[in-house]
*Asks:* 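This is the structure I want to talk about, given as structure tokens.
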Amino acid sequence: MAALDQSAAQADSRKGRLIATPAALYLLLFFMIPLGVIVTYSFATRTATGRTVLTGWNLSSYDKLFSELVLRIVWRSFWMASVTTILCLLVAYPFAYYLATRAPKVRNILLVLVMIPFWTNGLIRIFAIRFLLGSDGPASQLSENLGFGTFRILFTPAAVVIGMVYSFLTFMVLPLYVAIERMDWKLVEAARDLYAGGTVAFRKVTWPLTRSGVIAGSILVFVPSFGSYVVPEILGGAKTMLLGSYVARQFGAARNFPFGAALSVVLIAVMLIAVVINQRAEANRA
Amino acid sequence: MKLKLTGALLLLALVAAACGSDGDSGAAASCAVGETDGDLSFYNWADYIDEESIPRFEEEYGIKVEYTMYESNEQMLAQVDAGAANYDLIVPSDYMVDTMIAEGLLMELDFDAIPNATNISAEFQSPPFDPDHKYHVAYQWGTTGIGISYDALEELGNVEPTWGFIFDPALSGMVSGGISMLDDAPESFSAALKYLGYSIDEVLVGGNEEAIREAGELLKATNANLLKYDSVSYSDDLMNGELAVAHGWSGSFAAAIFEADAYETHVYVIPKEGGVRWVDGMAIPASAEHPCSAHAMINFMTDAQNGAALTNYVYYASPNEAATEFILDEILEDEGIYPNAETSAQLEFIPQAGELGLLMQDLFVEAKG
Amino acid sequence: MNESANAVELHGVVKKFGDVIAVNSIDLVIADGEFFSLLGPSGCGKTTILRMIAGFEFPTAGHLAVDGQKMGLTPPDQRPVNTVFQNYALFPHMTVLENVMFGLLMKKVPKDEARETAKKVLDQVRLGALGERKSSQLSGGQQQRVALARALVNKPKVLLLDEPLGALDLKLRQEMQSELKSLHTEVGITFVYVTHDQEEALTMSDRIGVMSEGNLLQVDTPDRIYEHPTKRFVADFIGEINMLAATVADDGTVQLGSEQIKLDGPSPEMGQSFTLAIRPESIDLTGPDQGVELGLNQISGTVTHRTYFGDAYSYDVETGGGVLSVRCDNRPDHQRFNEGDAVKVSWRPDSSSVLKD
């Protein structure tokens, strides 16, 4: 009997492995191996002409990570990603709350509306924002017509943040929506019943109970913002150097593959830390 | 365990492949005139060929051309170096020709298969980056200077154009519109060096690190006065008013001014300190699989009439002497495209910069803050 | 506080959700200290009434008072009531003790004092040892008691209980029923208890209000509700009952089919037809020749079906007044009848009810 159970379990696990094989192969080929190449390159040497030679392994690319310039770029990327995340949260939370508390029919329509922009090419949307924010764009013209004069926001860090908030907002809305939607509203009623006013009930119950969504959404926004490349290039006028652009530059104009690889390793590390934070939060919640 | 071993082996194979690409220069082709050996993979700059040439070539030679585009020499280099695709024909700029020769990435051309190469004017037959004229055939040449609106010029008191429009806060402060520079370290450093009175060639070839650092400081001080760095849409932005002063390439301005019919409002100038002169050449990567088709294309584009069609479309100057008679007068007479002798004397090529190139890249990022 | 006030009063309370009338013009007074149950099937409006008392919903028309004070649009946090929710609604991110302390802290009771009070109440519901657990680590019965403690610790004027035992298994439910009842006696707080379980309502309540489709059909003590329902729905909803068509003849006699019977109390008007309701256990079954106490209604009939329940037998008896279901306790002296036997059924006139719809 026990033997039969065991062989059944083995068969199950074999079947499981078989199903997972295409994904495993794909990940091995297009994720693990490139990751290995990146890590390998980060210890390699760049020649004067920009060629990468895979000899003379060294840590100089990692040394360079601690230069003032890099730290400044990392710091700027960090706080711009933080501001983006906070703004996304401020915009998305009330919206997700609204969304989650609608009747299912309305909710589905609104959800589709949220998704529609994401069926449009991201680059096109960023160029649309660029047009919107330009000094002769509609936003500026509206301000002029209202008598506030024209303004210039394009090619400033503010434009980059606006662009990133716009690009990543959905990543915040969806997990928040899921968290709020699955929350038991009876709990809020219970808090109200136990003498908590609306605001206090939100602070003591709704917020802590939707925190998993807040954390998941924040990570989903923070990580791509931190490494963002397209938005700073287009809306920041390449004037605001962020980590993503800096990495791209290493593989492009600067031709410093080892250094670019080392920077990438750092980005991956940040992402892994974020994932661990998320896992911890999930575990705490359960 | 088995999995780990496979992974390690694959990694090794990749590393070996990467090492193996350090081939020597010296691959050479031998082709007959007009001989083709398969469909051509042509990797060129964006907006850098007229609309007629490729269809006509395809019809004439009965092969297909796969045309792909890049936006910077470095992007092209990364692609060719990685062996990502086997391009048959590329159009690197001067210093990149030098770099690619040094790295053995270019194939020696069989000039017997390119009889039209004699159409190329003598001054483009022995440039510093390919002195023996073995690896490239000049495609177009141009200058790097300033595109400016007459309004801005007026604000500046209609003084003689100078790099000070960008670098001198006293002057740039007078411009009410936006100012941009190329998002390109060698170009931006060259402009700064010219403003500071250096010869680009002397600084870069002579290894004058001090001068590079001085230029870096200047760029850093200038950053706050710039609206943006941009190598792609600056000429359009100059036309639509987003920019008033833009550092950029001659042909890009010429085309934009032509398209917007903005001859009354905008102009391209080469500052009094002198600017950068560059030439892009057609070359064949050492890894090309259809070198004879590539030779055929080079010969085709070097034809007098085809060369003129190219210039008449892209608004860069032609190195093709025989083409001159077919080029539109308005282009030939445009000093922004064909600078006069006095201005020409002030122009310099950007040489291959070696370690200083890396330094410039770093300082450029530093300048951006 | 108002010593003499009724705990809850509803006057002409209506609640509509869109076009749907959930609660239809209800008048109800619940006395201070009473254990009052609202009984009815799901969707009858009982929970809506509870939610209006709690302040989660506001009446569309009419008004509602708690402890003598008109509630109007007073939000839930400013009402002297607390609720035990259907699935307890314990805060999953807090410990048991934190759950119980919540209301006190919201009322600005100092933290130490709140902790002491909460612990005492937890002891009262025999959960003193589990204060530091997360609520998700407790069993259903334990969660139930935490929910009770969390509400009672605030000493509300009225405790609202929304099907609090619905999620428990039968044995636990019975245990909790008696516990709730004794807790009610102990704390002396008014309980308003919503349930769809007739047995729960009957065993625990001082009074029961039976609801259907937004209407409050009958409010009475459990025995009156069970033995003398006034509405067809009430009779039908609670337990088994025989319902037979009857008429009052012009001469004032009551006619049940071909049989003449007597009623207790005032009869319906002459010439009117009505429904006569009588519980199966209120009917006696005897042999056709056996004598029957004087003054009882008696009709002869034939057993058509017999069902064995262990503690009782149930017979279907075909009579001139219709088919009657009769339930006889399975006592040693019980005379068992077989299908086809001729029998006589009899009942006291005051055991039957007259139902008007």
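The model shown is predicted, which means the values in this text are computed figures rather than measured ones. Below, chains carry the letters A, B, ... as their sequence lines are ordered, and counting in each starts from 1.
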*Asks:* Contact between A:K204 and C:F102 at the side-chain level, heavy atoms closer than 4.5 Å - yes or no?
*Replies:*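 In short, these two side chains touch, coming nearer than 4.5 Å.
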*Asks:* So which part of C:R51 gets closer than 4.5 Å to some heavy atom of chain A, the side chain, the backbone, both or neither?
*Replies:*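 Interface part for C:R51: side chain.
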*Asks:* With a 4.5 Å cut-off on side-chain heavy atoms, are C:P92 and A:D184 touching?
*Replies:*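 A:D184 vs C:P92: side chains apart.
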*Asks:* For the CG atom of C:N82 and the OH atom of A:Y195, what is their distance to the nearest 0.5 Å?
*Replies:*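 OH of A:Y195 is found 3.5 Å from CG of C:N82.
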*Asks:* Does atom CD of C:E213 have more than 12 heavy-atom neighbours, drawn from other residues, nucleotides or ligands, at distances under 6.0 Å?
*Replies:*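 Counting neighbours around CD of C:E213, 12 or fewer heavy atoms of other residues, nucleotides or ligands fall under 6.0 Å, so no.
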*Asks:* Examine whether an atom of C:L90 lies under 4.5 Å from a heavy atom of chain A, and if so say whether it belongs to the side chain, the backbone or both; otherwise answer neither.
*Replies:*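 Backbone of C:L90 only, per the 4.5 Å heavy-atom cut-off to chain A.
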*Asks:* More than 12 heavy atoms of other residues, nucleotides or ligands under 6.0 Å from CZ of C:R133: yes or no?
*Replies:*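 For C:R133, atom CZ is not crowded (no more than 12 foreign heavy atoms under 6.0 Å).
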*Asks:* For A:A190 and C:A89, which heavy atoms make the closest approach, and how far apart are they?
*Replies:*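 That closest heavy-atom pairing would be CB-O, 3.8 Å.
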*Asks:* Answer yes or no: does atom CZ of A:F202 have more than 12 heavy-atom neighbours from other residues, nucleotides or ligands under 6.0 Å?
*Replies:*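 Check passes, neighbour count above 12.
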*Asks:* Between A:A191 and chain C, with a heavy-atom cut-off of 4.5 Å, which part of the residue counts as in contact: side chain, backbone, both or neither?
*Replies:*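 Both the backbone and the side chain of A:A191 come within 4.5 Å of chain C.
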*Asks:* Using side-chain heavy atoms (C-beta onward) and a distance below 4.5 Å, is C:N87 in contact with A:K186?
*Replies:*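 In short, these two side chains do not touch, never coming nearer than 4.5 Å.
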*Asks:* So with a 6.0 Å cut-off around NZ of C:K107, is the heavy-atom count from everything else above 12?
*Replies:*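 Result for NZ/C:K107: enclosed.
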*Asks:* Quick one, C:P76 and A:E189 - any side-chain contact, counting heavy atoms below 4.5 Å?
*Replies:*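 Counting from C-beta outward, C:P76 and A:E189 never come under 4.5 Å.
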*Asks:* Do C:F91 and A:L209 come close enough that some side-chain heavy atom pair is under 4.5 Å?
*Replies:*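 Side chain of C:F91 against side chain of A:L209, heavy atoms only: no contact under 4.5 Å found.
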*Asks:* Can you tell me if A:Y229 has over 12 outside heavy atoms packed within less than 6.0 Å of its OH?
*Replies:*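 Check fails, neighbour count at 12 or below.
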*Asks:* For A:W75, I'd like to know if atom CH2 has over 12 heavy atoms of other residues, nucleotides or ligands within 6.0 Å.
*Replies:*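 Not buried by this count: 12 neighbours or fewer within 6.0 Å.
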*Asks:* Sort by residue number and list every residue of residues 54-62 of chain C having at least one heavy atom under 4.5 Å from chain A.
*Replies:*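 Answer by number: C:A54, C:F56.
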*Asks:* Taking A:D193 as the fixed residue, which of C:V84, C:D77, C:N154, C:T83 is the one that meets the side-chain contact (heavy atoms from CB on, under 4.5 Å) rule?
*Replies:*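 Exactly one option meets the side-chain contact (heavy atoms from CB on, under 4.5 Å) with A:D193, and it is C:T83.
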*Asks:* Quick check on the structure: residues of residues 117-124 of chain C within a heavy-atom distance below 4.5 Å of chain A, by number.
*Replies:*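 Residues of residues 117-124 of chain C touching chain A at under 4.5 Å: none.
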*Asks:* Please classify the contact of A:V205 with chain C as side chain, backbone, both or neither, using a heavy-atom distance under 4.5 Å.
*Replies:*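 Both parts, heavy atoms under 4.5 Å.
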*Asks:* What's the spacing between C:M106 CE and A:R192 CZ if we round to 0.5 Å?
*Replies:*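 These two atoms lie 11.5 Å from each other.
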